[in-house]
Amino acid sequence: MMMSVGTVWLAEAGGLFDLDATLPLMAIQFLVLVAVLNAVFYKPLLRVVDEREEYIRSNQAQAKELQAKAAQLTRQYDQELAVARREAQKTLNAAQEQAKQESQAQIRVAQQAAQAQIAQAQADLAAQQAQALAQLEPQVQSLGEAILAKLLV
Amino acid sequence: MDGLTSAASVLAAALAVGLGAIGPGLGQGRAAGQAVEGIARQPEAEGKIRGTLLLSLAFMEALTIYGLVVALVLLFANPFAG
Amino acid sequence: MVWMWHGLLGAPLASLEVGEHLYWELGNLKIHGQVFITSWIVMALLIGASLLGTRNAQRVPQGWQNFMEYVLDFVRTLTRNQLGEKEYRAWLPFVGTLFLFIFTCNWTGILVPWKLIELPAGELAASTNDINTTAALALLTSLAYFYAGFSRKGLLGYFKGYLYPSPIMLPFKIIEDFTKPLSLSFRLFGNILADELVVGVLVLLVPVLLPVPLMVLGLFLSGIQALIFATLASTYIAEALEDHEHEEEAEIA
């Protein structure tokens with residue numbers, strides 16, 4: 001197909017700006033294309049995209065809800081933990097207190113016992129001393145008389 | 001077509017394209033320069049500036065194309081060819 | 001008229017055609033066959049890709065669905081940026097299809113070696129290189145924004161917006177209604193045709209390697225053109241939907 005520009009120069013009627021029935025037919029054809037593409041392209045794909053957005057949005061809302069629930073559970077757990085810890089501390093303190101009291105009571109008892117023993121020992125000692133003194137009394141008497149006799153002799 | 005008409009047509013076609021390219025050429029150069037300046041000042045806006053630049057360049061280009069269309073009419077669909 | 005490149009190369013790839021059409025007769029109407037052939041292929045591509053992507057649409061996208069969702073996201077962002085969160089849903093099919101159709105037309109026009117397929121007249125190329133296609137799309141855009149304005153504010157309410165912000169603007173606004181489709185159609189048509197011509201001329205001069213970077217540039221530019229067409233269409237629709245009266249109240253308040 002060898003048509004040179006030179007021949008086109010002489011081409012009759014219309015040529016470059018040949019407006020004819022192509023124009024309205026093309027317009028109609030284009031409108032048909034718009035309708036067809038609307039049916040097979042825009043509508044179905046937009047529906048899919050919208051559905052997806054809806055799905056993502058609902059999923060996101062659900063996820064947010066779950067997240068809030070999880071946060072609440074964490075908070076609750078923390079609270080419970082704090083309460084438990086406080087309770088444990090209280091129990092511990094009470095036990096410590098009790099142990100201290102018990103030990104102090106025991107110490108007191110032991111001290112009393114020791115005191116009693118000491119008193120007993122002191123009493124015994126005093127009795128023995130008295131006894132010894134009482135025994136020595138006549139001896140002292142006789143010894144004094146003997147000394148006196150000796151001196152007087 | 002007689003000789004005078006074709007001579008005038010060819011000359012007019014050449015002038016239509018040549019003169020028609022001057023204005024848009026200046027305009028495009030100015031627009032591109034400003035765009036580069038804008039990008040230099042605000043590199044983060046490069047994408048937006050580029051898009052707008054291309055669009056406005058095409059609008060200016062259209063003016064040259066109108067001249068070309070006139071030239072084509074004179075060459076290939078001359079109404080005075082008789 | 002002697003064209004320098006006329007006799008230089010004889011390869012079929014190195015021919016350049018402008019304004020040649022494969023005419024089909026439809027009753028007593030003439031239509032451009034090559035435009036319809038490529039546009040049907042593009043439409044088949046678009047519909048096929050969509051069917052492939054949505055045939056088994058899953059919540060977790062797989063394979064081709066990923067790509068189609070990326071495409072959807074792209075046109076959705078484009079439309080939403082212009083029309084706002086509230087309005088864009090209704091106009092997404094129109095604006096999105098504008099972008100996809102123009103983009104696919106442009107890219108197939110460059111990437112598919114259409115010229116290897118011989119036609120009795122004319123040649124296959126991107127259907128957006130025909131003024132009929134771009135004018136049809138631009139006029140549909142005009143109708144779309146008129147429809148948007150009318151359905152939102154009523155016939156009178158819409159045209160009252162032409163007096164905003166001052167009645168001096170009225171003639172400009174009316175002229176704008178004509179220049180909008182004109183500039184839309186010519187911008188797209190001119191850009192695509194210019195790309196093809198530049199590549200064509202370069203292929204005529206240097207048929208190896210040199211045209212490749214220009215074709216890559218063409219890919220880039222034609223993608224931008226599709227983006228611009230869709231962006232402008234949605235901007236026009238957004239403009240028509242704009243509520244000036246409430247705006248004024250808001251400004252006063």
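Chain A is the first sequence line, chain B the second, and so forth, proteins listed ahead of strands; every chain is numbered from 1. These figures come from a predicted structure and were not determined experimentally.
- Although no hydrogens or angles enter the test, the distance criterion places no donor-acceptor pair under 3.5 Å between the side chain of C:S50 and the main chain of A:L37.
- Between chain A and the options C:L140, C:V35, C:L29, heavy-atom pairs under 4.5 Å are most frequent for C:L140.
- Remark: C:Q58 CD is packed, more than 12 non-hydrogen atoms of other residues, nucleotides or ligands lying under 6.0 Å away.
- Between the side chain of A:R52 and the backbone N or O of C:R59 there is at least one donor-acceptor pair closer than 3.5 Å.
- Checking side-chain atoms of C:T54 against main-chain N and O of A:L45 turns up no donor-acceptor pair under 3.5 Å.
- With rounding to the nearest 0.5 angstrom, the CZ atom of A:F30 is 12.5 Å from the CG atom of C:L139.
- When the candidates A:V49, A:L31, A:L46 are compared by the number of heavy-atom contacts under 4.5 Å with chain C, A:L46 comes out ahead.
- Heavy atoms of A:E53 lying under 4.5 Å from chain C belong exclusively to its side chain.
- Within the model, atoms CG of C:D130 and CG of A:L19 stand 8.5 Å from one another, a figure rounded to the nearest 0.5 Å.
- Note: C:P61 leads C:P61, C:G33, C:A49, C:S127 in heavy-atom pairs under 4.5 Å with chain A.
- The nearest pair of heavy atoms linking C:A136 to A:L23 is CB-O, 3.4 Å.
- Judged by distance alone, with hydrogens and angles left aside, the side-chain atoms of A:Y42 form no donor-acceptor pair with the main-chain N or O of C:R89 at under 3.5 Å.
- Interface remark: C:R55 contributes no atoms to any contact with chain A (heavy atom separation under 4.5 Å).
- With a 6.0 Å radius and a threshold of 12 heavy atoms from other residues, nucleotides or ligands, A:Q96 has its CD atom above the threshold.
- At a 4.5 Å heavy-atom cutoff, the contact between C:L98 and chain A is made by backbone and side-chain atoms alike.
- Nearest heavy atoms, A:N38 versus C:P93: OD1-CG, 3.4 Å.
- Within the model, atoms CG of C:N132 and CE of A:M26 stand 8.5 Å from one another, a figure rounded to the nearest 0.5 Å.
- For the options A:V48, A:L33, A:T22, heavy-atom pairs under 4.5 Å to chain C are most numerous at A:T22.
- For C:L137, the part lying under 4.5 angstrom from a heavy atom of chain A is the side chain only.
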Quick one: do C:T97 and A:F41 satisfy side chain to side chain contact (heavy atoms under 4.5 Å, CB included)? Show the steps, please. CA-CA 10 Å; C:T97 311; A:F41 176 52; over 6 Å; no
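- Of the two parts of C:I47, the backbone and the side chain both hold a non-hydrogen atom closer than 4.5 Å to a non-hydrogen atom of chain A.
- From A:D20, atom CG reaches atom CG of C:L26 across 11.0 Å, with rounding to the nearest 0.5 Å.
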